[in-house]
Asker: 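I am attaching a structure below and will ask some questions about it afterwards.
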Amino acid sequence: MKEINDKARELMKGYCRVCKVCDGKACVGEVPGMGGLGTGASFKSNYEALAEIRLNMRLLHDVTEPDITTSVLGYDLSLPVMAAPIGGVSFNMGGGISEDAYAEAVVSGSKKAGVVGCTGDGVPPYVHEAGFAAIVKNGGYGIPFIKPWEGDELDEKLELARTTGCTTFGMDVDAAGLITLRQMGRPVSPKPASELKKIIDKVHSWGAKFILKGVMTPGEAELAAEVGADGIVVSNHGGRVLDHAPGTAEVIHEVSEPVKGKLAVIVDGGIRTGIDVLKMIALGADAVMVGRPVAVAAMGGLEEGVEKYFDTLKAQLSGAMILTGCKDIKSIDINVLF
Ligand SMILES: Cc1cc2nc3c(=O)[nH]c(=O)nc-3n(C[C@H](O)[C@H](O)[C@H](O)COP(=O)(O)O)c2cc1C
């Protein structure tokens, strides 16, 4: 990982410092770039809220080889993790590699590691085109996330995404706050539940599933379940859309409570290690997404870099489960936390 990070640091110069700890402090306000919006408070809160949580050590048991596999939204995962959708290599990461090479590294590397990779969307169109192409190359194994565009544009994008052969579609409704889209003259807006329902019904009529990303309150989680979403991602978009939002670890428990078992609860934001994965699962998530560290691994080591990063997470999660006495993902609950 050191070699991969060194290479990424070189390629991402001026966009990401590839800090020892990716906590949002060095890159305050760097959007476009890899940082958090405004004061960077939301990005920093993601990291800090997780760091403040302590684990209960438990050693009087027979768990020596925990089962870290799980199944979410029909995907059998080697650990409860996915690669978060991230796009815009040229304006966010310095353009050291092409958008195509980047998207392929994330989707193929994730598949090889036994997890699923998501792809991003934005302006210019090469962002989603690269993502869709990577999913096609992987036989439809990947989740395209589409921005909440208006009218025909949204329908066209959904139709295009459908041609990738994917079995799940995602939408980051929180993109309504994205400065990068506004700067490029293409702002998007929030989506009322009635409109979301129509989109979800359409995706369901294709036999596919739908994930809503950017849910931060229990009320909106319930609304997502009511309009038929198959999954939500509890996310503040890595602190890139609204300054002073809480860290996702602060809200995941409350947000997951009313919808547990009704839909898949995924969370992202500041998750860096297998220990962070364990904490989020203990707080109520079914799986997590990792953003920036996967992007850095893809920049520095392409497909192999992504695979290596997930291997590191697997070893860390397994170790943490032994030390907290969790034999499988299902047995991780709030009692793991101090
Ligand atoms: C440079 C960059 C680009 C992103 N692009 C997208 C995107 O196109 N679609 C999306 O749903 N989320 C996007 N995100 C948000 C991530 O999917 C994710 O929510 C966030 O990065 C998680 O936080 P973490 O990076 O601390 O793990 C982006 C994030 C970053 C840093």
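Note that these values count all heavy atoms, side chains included, but never hydrogens, waters or copies made by symmetry. In each ligand, atom 1 is the first atom listed, and ligand 1 is the first ligand listed. Positions are given from 1, in the same order as the sequence printed here.
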Asker: Check the orientation of Y75 and Y141. Use parallel for under 30°, tilted for 30 to 60°, and perpendicular for over 60°.
Answerer: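 Rings of Y75 and Y141: perpendicular, over 60°.
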Asker: Within a distance under 4.0 Å of any heavy atom of G120, pick out the atoms of ligand 1 and give their elements.
Answerer: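 What qualifies from ligand 1 is 7 (C), 8 (O).
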Asker: Within ligand 1, which atoms have a heavy atom of G270 less than 4.0 Å away?
Answerer: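 Taking each heavy atom of G270 in turn, ligand 1 has 24 (P), 26 (O), 27 (O) under 4.0 Å.
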Asker: I need the nearest protein heavy-atom contact for atom 17 (O) of ligand 1: residue, atom name and distance, please.
Answerer: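 Heavy-atom neighbour on the protein nearest atom 17 (O) of ligand 1: P85 O, 2.6 Å.
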Asker: Going by an N to O cut-off under 4.0 Å, is there a salt bridge joining E304 and K308?
Answerer: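 Judged by the 4.0 Å cut-off on N to carboxylate O distance, E304 and K308 do form a salt bridge.
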Asker: With a 3.5 Å distance limit and no angle check, can you tell me whether R17 reaches the backbone of G14 through a side-chain donor-acceptor pair?
Answerer: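 Not confirmed, R17 side chain does not pair with G14 backbone.
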Asker: I'd like to know if the side chain of D76 reaches the main chain of S71, judged simply by a donor and an acceptor atom lying under 3.5 Å from each other, with no hydrogens or angles considered.
Answerer: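 Checking the backbone N and O of S71 against the side chain of D76, no donor-acceptor pair under 3.5 Å is found.
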Asker: Among all protein heavy atoms, pick the one closest to atom 26 (O) of ligand 1 and tell me residue, atom and distance.
Answerer: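 It is R272 NH2, 2.8 Å.
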Asker: Does D286 use its side chain to pair, donor to acceptor, with the backbone of V265 at less than 3.5 Å?
Answerer: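 Checking the backbone N and O of V265 against the side chain of D286, a donor-acceptor pair under 3.5 Å is found.
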Asker: Which heavy atom of the protein is the closest neighbour of atom 7 (C) of ligand 1, given with residue, atom name and distance?
Answerer: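 Ranking protein heavy atoms by distance from atom 7 (C) of ligand 1, first comes K147 NZ, 3.3 Å.
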Asker: Classify the side-chain pair N335/N56 by whether it contains a donor and acceptor separated by less than 3.5 Å.
Answerer: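 No, because no side-chain N or O of N335 sits under 3.5 Å from a partner of the opposite role on N56.
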Asker: Is M93 close enough to touch ligand 1? Criterion: a residue heavy atom under 4.0 Å from a ligand atom.
Answerer: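 Under 4.0 Å: no for M93.
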Asker: Looking only at protein heavy atoms, identify the closest one to atom 18 (C) of ligand 1 and say how far it is in Å.
Answerer: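 Residue, atom and distance for the closest contact: D268 OD2, 3.1 Å.
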Asker: Which of the numbered atoms in ligand 1 are under 4.0 angstrom from any heavy atom belonging to N92?
Answerer: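 Taking each heavy atom of N92 in turn, ligand 1 has 1 (C), 3 (C) under 4.0 Å.
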Asker: Would you mind checking if D201 and K198 are paired as a salt bridge, meaning a charged N to carboxylate O distance below 4.0 Å?
Answerer: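 No, this pair does not count.
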Asker: Between R240, M289, M82, which one has a non-hydrogen atom sitting closest to atom 2 (C) of ligand 1?
Answerer: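 Among R240, M289, M82, the closest heavy atom to atom 2 (C) of ligand 1 belongs to R240.
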Asker: Does any non-hydrogen side-chain atom of I86 lie less than 4.5 Å from one of V106?
Answerer: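 They are not in contact (no side-chain heavy atoms under 4.5 Å apart), so the answer is no.
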Asker: In terms of atom number and element, which parts of ligand 1 are under 4.0 angstrom from non-hydrogen atoms of G33?
Answerer: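 Ligand 1 atoms under the 4.0 Å threshold to G33: 1 (C).
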Asker: Give a yes or no on whether a salt bridge exists between D172 and K147, defined as a side-chain N under 4.0 angstrom from a carboxylate O.
Answerer: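 A salt bridge is present here (some side-chain N lies under 4.0 Å from a carboxylate O).
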Asker: Taking only heavy atoms of D172 into account, list the atoms of ligand 1 that are under 4.0 Å away from them.
Answerer: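 It comes down to these atoms of ligand 1: 9 (N), 10 (C), 11 (O).
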Asker: Got a salt bridge between D23 and R272, using NZ or NE/NH1/NH2 to carboxylate O under 4.0 Å?
Answerer: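 R272 and D23: not salt-bridged.
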Asker: Starting from atom 24 (P) of ligand 1, find the nearest protein heavy-atom neighbour and note its residue, name and distance.
Answerer: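 It is R292 NH1, 3.5 Å.
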Asker: Going by the atom numbers of ligand 1, which of them fall below 4.0 Å from some non-hydrogen atom of G87?
Answerer: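 Near G87, the atoms of ligand 1 are 3 (C), 4 (C), 5 (N), 8 (O).
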Asker: Checking side-chain contact (heavy atoms from CB on, under 4.5 Å) against V81, which of I271, I68, V288 comes through?
Answerer: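 Per the side-chain contact (heavy atoms from CB on, under 4.5 Å) rule, the option paired with V81 is V288, out of I271, I68, V288.
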Asker: If the cut-off is 4.0 Å to any non-hydrogen atom of S235, which atoms of ligand 1 fall inside it?
Answerer: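 By the 4.0 Å cutoff, the relevant atoms are 19 (O).
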Asker: Considering the options K279, E257, M216, M280, which one meets the side-chain contact (heavy atoms from CB on, under 4.5 Å) requirement together with I252?
Answerer: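 Passing option: M280.
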Asker: So which protein heavy atom does atom 4 (C) of ligand 1 come closest to, and at what separation?
Answerer: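 Among all protein heavy atoms, the one nearest atom 4 (C) of ligand 1 is I86 CA, 3.7 Å.
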Asker: Which of the atoms in ligand 1, numbered in the order shown and given with their element, are less than 4.0 Å from a heavy-atom of D121?
Answerer: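 By the 4.0 Å cutoff, the relevant atoms are 8 (O).
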Asker: Checking a contact table here: which protein heavy atom is nearest atom 12 (N) of ligand 1, and how many Å away?
Answerer: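 Residue, atom and distance for the closest contact: K213 NZ, 3.0 Å.
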Asker: Any heavy atom of G269 sitting closer than 4.0 Å to ligand 1?
Answerer: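 Yes, G269 has a heavy atom closer than 4.0 Å to ligand 1.
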Asker: Tell me: protein heavy atom nearest atom 27 (O) of ligand 1, and distance?
Answerer: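 Here the nearest protein heavy atom works out to G291 N, 2.9 Å.
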